[in-house]
Every structure is written in C-alpha cells, then in structure tokens.
Amino acid sequence: MLGCVTEYPQNRRDRDYPGDTASAPLTASEDRQWATLAHFGGILGFVPSLLIYLVFKDRGPFTAQESKEALNFTFPPTLAAIVLNLLGFVPFVGNVFSVLATLIWIAITVFSVIAGIQVNRGQPYRYQYNLRLIH
C-alpha cells in the first residue's frame, strides 16, 4: 500500500503514559538528562535553563533543582555580557567592553561544563558564586 504508515507501539509515547503525556513524570535517566542539559545550556546564556525550568520543573525534582541552580547562576552574567556587548559600540573604549563580555562568556562556559559533568553523574552541583534569585 502506497502512503500507508504502520505505527509500532514502541514509537508511541502516549501508549506508555496514558493521559496527558506533556505532564508525565520524567524517568530517572530523563530527569538527569534534562538537569545536565540545563547546566550545559549555560554556554548559550540563561535561556536554555529558563526554558528547561519552566517546562520540566513539575515533572522531575532533580531537573527542577538543577535548572533553577543553572538559571540563578547564568542570569546575571548573561545580562552583564549583553550590556557590555552593547557598550562595545562606544568609540575608543568599546574594545575593552567587548573583551570583558568575552571573559564573562568564557567563565560561564567553564563553570557550566564543570556543573554539567557532575550533574550527569547524578550528583547535584552548587555554584560557589550564585545569587539564587529564584527560590
């Protein structure tokens, strides 16, 4: 039959989780995976950890805890880097601001990778310098 698609039960998540699959609890490995991605997402700023926190906070306790930690850590320096990048357009001194923004990005990247590796091992991570704006 042309155009006929066979559905196999193992490809259908809604058969594994009857009801609303969007709010199904995460398995332990999925919980660890999303928590890890929240930290690794720090390489791109605070947006990945914010999205993971908003989508998965009620579905996995480890993801909620770690995405909140990653969000609290990445939010202030990301905003500072954005401001410094904008100040980079100021004549004569703009290069200094651009270098500072780059240094912030490098620091966020290094700490996010360290945290992501530890969280991937199933161990919670606490950034030493974190404002913890979201409780």
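Just the heavy atoms: all of them, side chains too, but no hydrogens, waters or symmetry mates, feed the values below. We're numbering straight along the sequence, starting at 1.
- Salt-bridge annotation for Arg32 and Glu66: absent, with no side-chain N of the basic residue lying under 4.0 Å from a carboxylate O of the acidic one.
- Within a 6.0 Å radius of CZ in Phe40, more than 12 heavy atoms belonging to other residues, nucleotides or ligands are found.
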**Q.** Ile104 vs Leu84, side chain to side chain contact (heavy atoms under 4.5 Å, CB included): CA-CA, chis, key distance, verdict
**A.** CA-CA 10 Å; Ile104 288 173; Leu84 289 171; 3.6 Å; yes
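- The hydrophobic cluster containing Leu37 also contains Val55, counting ILVMFWY residues as joined when their side-chain heavy atoms lie under 4.5 angstrom apart, directly or transitively.
- When all heavy atoms are compared, the tightest approach of His39 to Ser112 is O-CB, 3.1 Å.
- Residue Leu100 is not grouped with residue Leu86 when hydrophobic side chains (ILVMFWY) are merged at heavy-atom distances under 4.5 angstrom, including chains of intermediate members.
- Counting all heavy atoms, side chain and backbone alike, Asn72 lies closest to Leu133 at OD1-N, 2.9 Å.
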Q | Test side chain to side chain contact (heavy atoms under 4.5 Å, CB included) applied to Val47 and Leu50, step by step | A | CA-CA 5 Å; Val47 175; Leu50 174 64; 5.5 Å; no
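- The two residues Ala81 and Ala101 come nearest to each other via the heavy atoms O-CB, 3.8 Å.
- Residues Ile108 and Leu71 do not share a hydrophobic cluster, defined by chaining ILVMFWY side chains whose heavy atoms lie under 4.5 Å apart.
- For the pair Arg132/Arg126, a side-chain contact is recorded, criterion being any heavy-atom separation below 4.5 Å from C-beta on.
- Applying the ring-ring contact (aromatic ring centres under 6.0 Å, His included) definition to pairs two or more places apart or across chains, those involving residues 42-67 are Trp34-Phe56, Phe46-Phe75.
- Note: Tyr129 and Tyr127 fail the aromatic proximity criterion, with ring centroids not under 6.0 Å apart.
- Considering all non-hydrogen atoms of both residues, Ile52 and Ser67 come closest at CG2-CB, 4.0 Å.
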